[in-house]
Amino acid sequence: LFRVHKAILSLHSHAFESMILVPMPPVGSHSQQFHDGLLMFRMYDELKDVTDLLQTFYYPCSSAIIIPPHASDTPIRLRGLLNIAHKYQVNQLYEHIVTFIKADWPQTLPRWDFLDDIDRQRMLEPQTTLPWDSVLDDEQKMSEPAAAIHIAREFDIPEVLPAAFYHLARIEISRDYDEARQDLCPRSEHAARWGMLTPEDMNCLMRGKEEIASIMDHFVNQTRSKCCHTCKSSWEETLFMTNYGRDPLEVLRCFIRRYELCDVCRESLGTRAMVKREEIWFKLPEIFHLPVV
């Protein structure tokens with residue numbers, strides 16, 4: 001049992017406020033339950049979720065809502081609290097959690113580049129002096145995408161989906177998150193909770209990867225036809241060494257800096273690569289067949 005103040009409940013939750021405003025029947029009435037003379041509400045929620053919810057009411061700095069950035073367990077750890085906050089219309093808490101979940105997944109290309117650069121630096125330099133504990137390997141990498149997709153689908157947070165699906169498309173299916181935690185695959189590699197994906201999500205992923213490969217094949221063929229005779233061999237060598245379909249945003253960014261090409265070809269490639277990066281980012285919802293935000 002939890003004995004709580006009606007004023008606290010009403011302050012945080014419209015649903016609790018409505019329940020409290022219902023006229024109280026006389027003590028002993030069978031229409032309501034009482035405990036020590038106080039009205040008692042029976043909640044059919046998980047004990048941990050109710051405990052976490054009440055802690056946020058009385059202790060705003062509770063560990064229940066301390067959300068470190070890019071922690072791969074965030075969607076799983078906060079799912080119960082998010083669900084109960086939504087159920088009882090604790091709108092401020094609900095929006096607080098959703099805001100942090102969204103923040104892990106960039107909404108713009110410059111923000112993606114910024115976080116991706118930090119992510120790559122941390123993977124290459126485990127003892128980085130950048131924020132977050134270098135010992136916590138999960139927090140050194142971009143968030144795990146499958147759990148984020150799962151919670152975004154469940155609670156209708158479409159802003160998370162484009163970047164999460166793109167990141168998931170970069171991960172080899174052999175890189176399982178639980179195996180990575182047990183050191184059965186390299187910890188420097190990204191991994192995913194593949195089992196959390198629904199058949200619909202897996203279909204979106206596969207179709208998106210095919211679409212990305214098609215877009216990049218078209219771009220590469222166009223570039224091949226536009227290169228001067230002198231630069232063709234350098235360009236072919238670059239393509240031979242590059243898996244350009246796996247992470248096109250990064251590959252195109254590298255293409256912008258191809259200094260071994262002549263000035264004309266380099267400028268042409270750089271301009272078209274920048275345009276193509278923006279086009280791919282803008283079309284991610286279409287590429288992965290996601291709802292448009």
By side-chain contact (heavy atoms from CB on, under 4.5 Å) - contacts of F282 (at least two apart): none
M196-L290 co-clustered via ILVMFWY side chain contacts under 4.5 Å: no
Test item: I149 and V160 side chains (from C-beta on) under 4.5 Å apart, heavy atoms: no
NE2/H289: more than 12 non-hydrogen atoms of other groups inside 6.0 Å: yes
Flag side-chain contact, heavy atom, 4.5 Å: M216 against L252: yes
Rounded distance [0.5 Å steps], CG in L53 versus NZ in K48: 11.5 Å
E46 atom CD, neighbour heavy-atom count above 12 within 6.0 Å: no
Test salt bridge (Lys or Arg N to Asp or Glu O under 4.0 Å) applied to R77 and D52, step by step: CA-CA 11 Å; R77 183 172 68 87; D52 288 345; over 6 Å; no
Contacts of type ring-ring contact (aromatic ring centres under 6.0 Å, His included), residue Y58, not counting sequence neighbours: H5
Pair D119, H190: side-chain N/O donor-acceptor within cut-off below 3.5 Å: yes
Test side chain to side chain contact (heavy atoms under 4.5 Å, CB included) applied to T74 and I151, step by step: CA-CA 10 Å; T74 292; I151 203 169; over 6 Å; no
4.5 Å side-chain heavy-atom contact, C204 and F165: yes
Test side chain to side chain contact (heavy atoms under 4.5 Å, CB included) applied to V251 and R246, step by step: CA-CA 9 Å; V251 169; R246 182 177 178 185; over 6 Å; no
Which atom of P291 lies closest to which atom of P158, heavy atoms considered: CG-CB, 4.3 Å
Polar side-chain atom of T51 near backbone of L47 as donor-acceptor pair, under 3.5 Å: yes
Test ring-ring contact (aromatic ring centres under 6.0 Å, His included) applied to W194 - qualifying residues, sequence neighbours left out: none
Option from T99, I97, V98, D104 for which side chain to side chain contact (heavy atoms under 4.5 Å, CB included) with I101 holds: I97
Stepwise ring-ring contact (aromatic ring centres under 6.0 Å, His included) test for W112 and Y166: CA-CA 11 Å; W112 170 270; Y166 179 81; 5.4 Å; yes
E154/R79 ion pair, N-O < 4.0 Å: yes
Heavy-atom pair of closest approach, residues I171 and R175: CG2-CB, 3.9 Å
Basic-acidic side-chain contact under 4.0 Å: R153, D201: yes
Sequence-distant partners of E267, side chain to side chain donor-acceptor pair (under 3.5 Å), two or more places apart: none
E144 side chain to R193 backbone, donor-acceptor under 3.5 Å: yes
Sub-4.5 Å side-chain heavy-atom contact between M274 and R277: no
Connected via hydrophobic side-chain network under 4.5 Å: M43 and I8: yes
Residue pair R207 / F288, side-chain heavy-atom distance below 4.5 Å: no
Smallest separation among heavy atoms of A191 and P145, with atom names: O-CD, 4.2 Å
In a table with atom names and distances, give each donor-acceptor pair under 3.5 Å that connects a side chain of residues 81-94 to protein atoms at least two apart or in another chain.
unit_1 : atom_1 : unit_2 : atom_2 : d
K87    : NZ     : D45    : OD1    : 2.8
Y88    : OH     : D45    : OD2    : 2.6
Q89    : OE1    : A15    : N      : 3.3
Y94    : OH     : F155   : O      : 3.4

Test: K283 and E211 ion pair at under 4.0 Å: no
Beyond-backbone contact of F219 with L269, side-chain heavy atoms, under 4.5 angstrom: yes
Residues in side chain to side chain donor-acceptor pair (under 3.5 Å) contact with D117, at least two apart in sequence or another chain: R253
From CZ (R111) to CG (D116), nearest 0.5 Å: 12.0 Å
Worked check of side chain to side chain contact (heavy atoms under 4.5 Å, CB included) between I287 and I212: CA-CA 7 Å; I287 290 172; I212 285 175; 3.9 Å; yes
Shared hydrophobic cluster for V275 and I215 (ILVMFWY, side-chain gaps under 4.5 Å): no
Transitive ILVMFWY side-chain link V50 to L78, under 4.5 Å: yes
Heavy-atom side-chain proximity of L161 to W105 below 4.5 angstrom: no
Side chain to side chain, C254 and E250, heavy atoms closer than 4.5 Å: yes
Donor-acceptor contact below 3.5 Å, side chain Q55 vs main chain F57: no
